[in-house]
Amino acid sequence: MNSDLRSELHKKAEQAWPDLELLIGWQAGYDDLHTTPVFIRDSAEISKLIWNPWCTQNLAVYVAKHFAASSGKDDKKIGVCVKGCDSRSLIALLQENLVARERFYIIGMPCKGIVDLRKLHALSGAARILSVQVNAEQVALKSAAGVLHFPLDEVLMRKCRRCRYPNPLIHDVLVGDPLTPRTDAHEAYNDVAAIERLSLQERLAFWQGELDRCLRCYACRNACPLCVCQDRCIAETRDPKWLTQYMHLPEKFMFHFIHALHLAGRCTECGECERVCPMEIPVALIKEALNKITLELLDFEAGLDPQRVPPLLTFDAGETGI
Amino acid sequence: MDTAIKFIAFDQLNSALDRISEQLDVWVPVASKDQKRVIQFAPYRPGMTLVLDHQTTLGPKQVVLPQVEALFRFDYRKSADEPSRQKVQLEDPHPPAPTLIFGARPCDVKGFLVLDQVFSAGPFVDGIYAARREQTLFATMVCGQQDSACFCSSVGSGPTDRTGSDLWITPIAAGYVVEALSDRAHPVMAWLQEAATELHVAAAGKVQEEAARQQVGNLAVDQCQQHFLQRFADTNYWQEVAGQCLSCGICTFVCPTCYCFSITDEMKDKHGERIRSWDSCMFFTYTLEASGHNPRPSRLERYRNRVGHKFSYFPEKYQGLIACCGCGRCIRNCPVSIDIRKAVQNLQGQNHACS
Amino acid sequence: MHAHNPYRPDLASIREVVQETANIKTLRVVFEDESVMHNFSFRPGQVAQLSVFGVGESTFVINSPPTRREYLQFSVMRVGEVTQRIHQLNAGDQVGVRAPLGNGFDYENMQGKDILFIGGGIGMAPLRTLLLFMLDKREDYGDIMVIYGARTPHDLCYQYEFDQWQKANVNLVLTVDNEFPGWKERVGFVPTVLSEESPSPHNRVAIVCGPPIMIKFVLFGLKEQGFEDSQIITTLERRMKCGVGICGRCNIGAKYVCVDGPVFSRQQLSEMVNEL
C-alpha cells in the first residue's frame with residue numbers, strides 16, 4: 001500500500017528541492033512498525049522518505065523548537081511533511097507569530113489515519129509482533145501465535161477515529177488526493193463528554209489513578225509542537241520554585257494541568273502528548289476538555305485559519321461567549 | 001542438589017508469594033488497571049495478578065534506587081542555649097527492610113551490576129544504596145520474550161544470564177521451577193513447599209536450552225570505547241543519529257542502567273528533607289550552570305553524552321563494563337524511535353556513514 | 001565526611017561575613033563539632049559543598065589555606081537560588097559543609113619553581129588558597145607573580161590583604177577593564193596585561209582561574225609565550241550536585257570534575273573530550 005503515494009512524495013520532493021535547504025519527513029525506523037523523523041540535507045537522501053499509516057510523529061514539533069530562529073541561505077526554505085492534524089500545529093504557530101510562513105515549504109499528506117501500536121499489541125497479546133500487513137481497510141497481524149485480521153479502523157489512534165481534518169489545511173503541495181472527512185466528526189468530543197458524565201468524585205478518582213503513573217519525564221511537553229517554553233518550564237525551575245521534585249500527586253496534577261492550561265485554545269489535538277507517554281496516561285483528554293470549552297464559549301478551534309487571532313491572545317470588549 | 005530445586009504450580013503462585021511476603025518485602029510485576037500495557041514492579045499484596053510473560057515498562061530499578069528518596073531529614077528547632085536562634089538537627093534515613101524482587105529479567109539484574117559500580121566501587125560509597133542493595137534478593141526469570149528492540153546478548157548478557165541473581169525461575173507448562181543460585185536464597189527456598197520432580201527439572205532444562213540458543217541482537221560493541229572518542233567531534237554523525245531527539249527524559253527514566261540524579265531540598269514549615277530524584281542528562285537544565293553557561297547546550301551534545309557514558313566513559317572507568325543491559329526500553333519507548341544500536345554500530349567507519 | 005552517608009553534611013556555624021564586592025561575600029565558618037574541626041585536613045584547591053538546609057547546596061573552593069586552621073573560608077558570588085540565600089546569612093547562622101571534595105593543586109610539583117597566578121573576578125578565590133599556602137611556606141617556592149583583574153576596582157576581592165601579599169614578596173599586578181576615577185594600577189583585560197608582562201615560561205607554573213572567556217584568551221597568550229601544556233594549571237567550574245563522583249552531571253568524558261578535578265593541567269584537558 002502507498003507505494004504510489006511514496007513515489008509521488010519522492011517526485012514532489014525532488015521538484016521542490018532546488019528551493020530547499022532541508023526537508024523534514026519520515027523514514028523507516030528500527031522495525032516495520034516504527035518510523036523516525038529524517039532531516040534531509042542532500043537530495044540523494046530523498047529516497048529515504050516514506051509515507052504509510054505508521055508515520056506517526058508530528059514533525060511540526062521541530063519547526064518552532066529547532067528552526068524558528070534560523071534564517072535560510074539564499075532564501076532557501078525548510079520543507080516539512082504534515083498530515084492534516086500536523087498542519088493545524090503549523091497554523092497555530094503561524095497564528096502566534098512563532099514562525100514565518102515564507103520560511104517553510106509545506107508538503108501536505110492527506111491521511112486516512114495512523115495505526116495505534118498499543119492497540120495492535122493489546123489485540124495480539126504477544127510480546128513480539130512479527131509483521132503487519134495493511135491492505136485497504138484490513139490489517140493482518142502476524143505473531144508466533146498465528147495471523148490475526150482486524151478492520152484497520154479498529155487499530156487507528158484515538159485522534160484518528162475522531163479526526164475532522166484528514167487533509168492538510170495549509171500546504172504548498174499535496175501528495176495524493178484530498179479525502180472526505182469521517183462521517184462521525186460531530187462526535188469528536190465524545191471521550192471528553194464521557195468523562196464529564198462522571199461525578200466530580202469519580203472524575204477526581206479517574207485522574208488520580210491515571211496521573212499517579214506519571215514519571216515526570218516530560219515527553220508530553222517536549223513532543224508538543226506548541227509547548228514552546230520547554231527549557232524554562234515551571235516543572236523544573238527552582239527560581240522561582242513552583243513545584244517540588246517529589247513524585248506526589250499534587251506535583252503531577254500541577255504539572256499536567258498547567259501544561260494543559262498553557263495550551264487552552266492553542267492545542268490542535270495532534271495527540272502527540274498522549275502517544276508518547278510511556279505510562280499511557282490519556283493526557284490529551286485534558287486538552288480536549290479545554291478545547292471543548294473554547295469551542296462552546298468562544299466558537300474557536302486552534303489551527304484552522306492562519307489569519308485568525310486566537311481568542312486567548314487578544315481581548316474583545318464585545319465578547320459574547322463569556 | 002536436585003532436592004534443592006522447588007516447583008510452584010501456576011495456581012500456587014499467590015500462596016507462595018503470600019508466605020514469602022510475610023518474611024520479606026516482595027516486589028512483583030503487575031499491570032496497571034484498565035487493561036493497559038503498562039507493567040511495573042509494585043509491592044506484592046495478596047490476590048495480585050502478576051504479569052510474567054512480558055517485559056515490564058519500567059524495570060525494578062526503583063526498588064533499590066527509588067525515583068525520589070531522602071538522603072537525610074533536617075529539622076529546625078529552637079536552640080536551648082540561644083532561644084532566639086533556630087538550630088538544625090539532621091537524621092539519616094531509616095535502614096532498609098529485606099526485599100525480594102520476584103520476576104525480574106536478566107537484563108533488569110544486569111542493570112544493577114552497572115549501578116553497583118557507581119554507588120559502591122568508590123572512591124565514595126553511597127551507603128543508602130549499598131544498604132538497600134545488600135538487603136535485596138533477585139528471583140529472576142529466564143527470558144523467552146524478545147522483541148525487535150532487545151539486544152541483551154550484544155552487551156555480555158542474554159536470556160539465560162544468571163549473573164547477579166539469587167533465585168532462578170524457569171516457566172514450564174505447569175508452573176515455575178525455582179533454583180537457588182546463592183546462599184542468600186536458601187531461606188526463600190525453604191518457604192517454598194513443593195519440591196520439583198524430575199519431570200519438572202527436565203522440562204525446565206528444555207526451556208533453558210531453547211532460551212540459551214537465542215542470540216538476542218547483533219550489535220558489535222568491540223572497541224566502541226575508542227570508536228566513540230574518534231567520533232566525538234563529528235557533528236554530522238550526531239545530527240544523523242539524534243537530530244530528531246526531543247530532549248525528553250523517557251530513555252533515561254526507563255533505563256535500568258541510568259542512575260544520574262539531582263539533589264534538592266524540600267521543606268515545609270521548619271521540617272524538610274534533602275532528596276535525590278532521578279534526573280536526565282537529556283534535559284537542558286541538567287548541566288546548566290548558575291552563570292548561565294551550559295557545557296551541553298543542545299540535544300546533540302546531550303545524546304552524545306548518553307551514548308558516550310554507556311559505551312565509552314563507563315567502560316573506561318570500570319574495567320570495560322558497558323553501561324547498557326540491552327533491554328531495548330529506550331528504543332521501544334522513544335517518541336521518535338531513536339535507536340541507540342544504530343548510534344553505537346556506526347561509530348566505526350569513516351564519514352557519517354550511517355544509513 | 002560521613003562514611004555511610006556521603007550526602008550528609010557536617011554542621012558548621014558562620015563566624016564572620018566579609019562583604020568583598022557588591023555581589024561577593026566571604027564566609028568564615030567553623031565546624032560545630034570540635035573534633036571534626038580539629039581533624040579536618042585538606043589540600044589547597046579542594047572544594048566544599050556549602051548548604052543552607054531547606055534551600056540547597058552549592059560548590060565553593062575552600063579559599064583559606066590548610067596552613068591556617070582557625071576557620072574555613074568561602075567566597076560566594078550571588079548568582080542563583082542557593083547563593084542568594086547564603087548572602088542573607090549572618091555571623092552565628094548555621095550552614096552544612098561537606099568537605100574536602102575534589103583533587104586540589106599538586107603543589108609538591110611546584111616546589112622550587114616560579115609561580116604565576118592569573119585570576120579574574122571570583123576566579124581569584126581558588127588561587128588565594130594556594131597563594132597563602134605558598135606564602136606560609138615561602139622558602140619552598142621561587143618568584144611569585146599575581147595578575148589579577150576585575151571589571152572595576154570595586155570588583156576586586158581580598159583588597160584588604162594585598163599589602164600582606166606584597167610584603168611577602170609577591171609581584172602583584174592589578175588590572176581593571178576600563179579607566180576608573182582614582183585607579184592608579186593597570187587598565188585592560190587580563191590577557192593583554194599578561195602579554196605586556198610577558199613572564200618567562202622557564203621553570204614556571206601558571207595557574208589560571210576566571211571566567212571562560214578570560215581563560216580562553218589567557219591560555220592562548222601563555223602558549224604564545226612558550227608555556228607548555230603541562231606548565232598550565234586551571235581549575236574548572238561545572239555544575240555539581242553530589243560532589244562524590246556518583247550523581248553523574250559534572251563529567252567531561254570519563255572524568256568527573258568533582259573527584260578527578262576541579263584542578264586540571266592543560267595537558268590533562270587536552271587528553272579529555274572537548275566539552276567545556
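Letters go in sequence order (proteins before strands), and every chain restarts at 1. Being a predicted model, the structure only gives us computed values, none of them experimental. Below, all heavy atoms of this structure are taken into account, side chains as well, without hydrogens, waters or symmetry copies.
With respect to chain B, the highest number of heavy-atom pairs below 4.5 Å among C:E57, C:E32, C:R238, C:M77 belongs to C:R238.
Looking only at distances, no side-chain donor or acceptor of C:R249 sits under 3.5 Å from a matching main-chain atom of B:T287. In this structure, the side chain of B:D126 does not engage the main chain of C:N5 through any donor-acceptor pair within 3.5 Å. Although no hydrogens or angles enter the test, the distance criterion places no donor-acceptor pair under 3.5 Å between the side chain of B:R276 and the main chain of C:C242.
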Decide side chain to side chain donor-acceptor pair (under 3.5 Å) for C:H4 and B:D92; before the verdict, give the C-alpha distance in whole Å, the side-chain angles of both, and the deciding distance to 0.1 Å. CA-CA 10 Å; C:H4 63 290; B:D92 280 326; 2.7 Å; yes
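At a threshold of 4.5 Å between non-hydrogen side-chain atoms, the residues C:R8 and B:L71 do not count as touching. The closest side-chain heavy-atom distance from B:R274 to C:S51 is below 4.5 Å. The closest side-chain heavy-atom distance from C:K255 to B:Y313 is not below 4.5 Å.
Note that CD of C:E275 and CZ of B:R296 are 4.5 Å apart. Values are rounded to the nearest 0.5 Å. Here the CG atom belonging to B:L229 is positioned 12.0 Å from the CE atom belonging to C:M272, to the nearest 0.5 angstrom. Here the OG atom belonging to B:S262 is positioned 6.5 Å from the CZ atom belonging to C:R239, to the nearest 0.5 angstrom. Atom NZ of B:K87 sits about 5.5 Å away from atom OG of C:S13, to the nearest 0.5 Å.
Between C:D93 and B:R85 a salt bridge is recorded (basic side-chain N to carboxylate O distance below 4.0 Å).
Contacts between C:E237 and chain B at a heavy-atom distance below 4.5 Å involve backbone atoms as well as side-chain atoms. If you measure heavy-atom distances from C:I246 to chain B, the contacts under 4.5 Å come from both the backbone and the side chain. Contact of C:P211 with chain B is not made at all, since no heavy-atom distance falls under 4.5 Å. The part of C:V55 that comes within reach of chain B is its backbone (N, CA, C, O), which places non-hydrogen atoms under 4.5 angstrom from that chain.
Relative ring orientation between B:F72 and C:F53 is described as perpendicular, the plane-to-plane angle rising above 60° on a 0-90° scale split at 30° and 60°.
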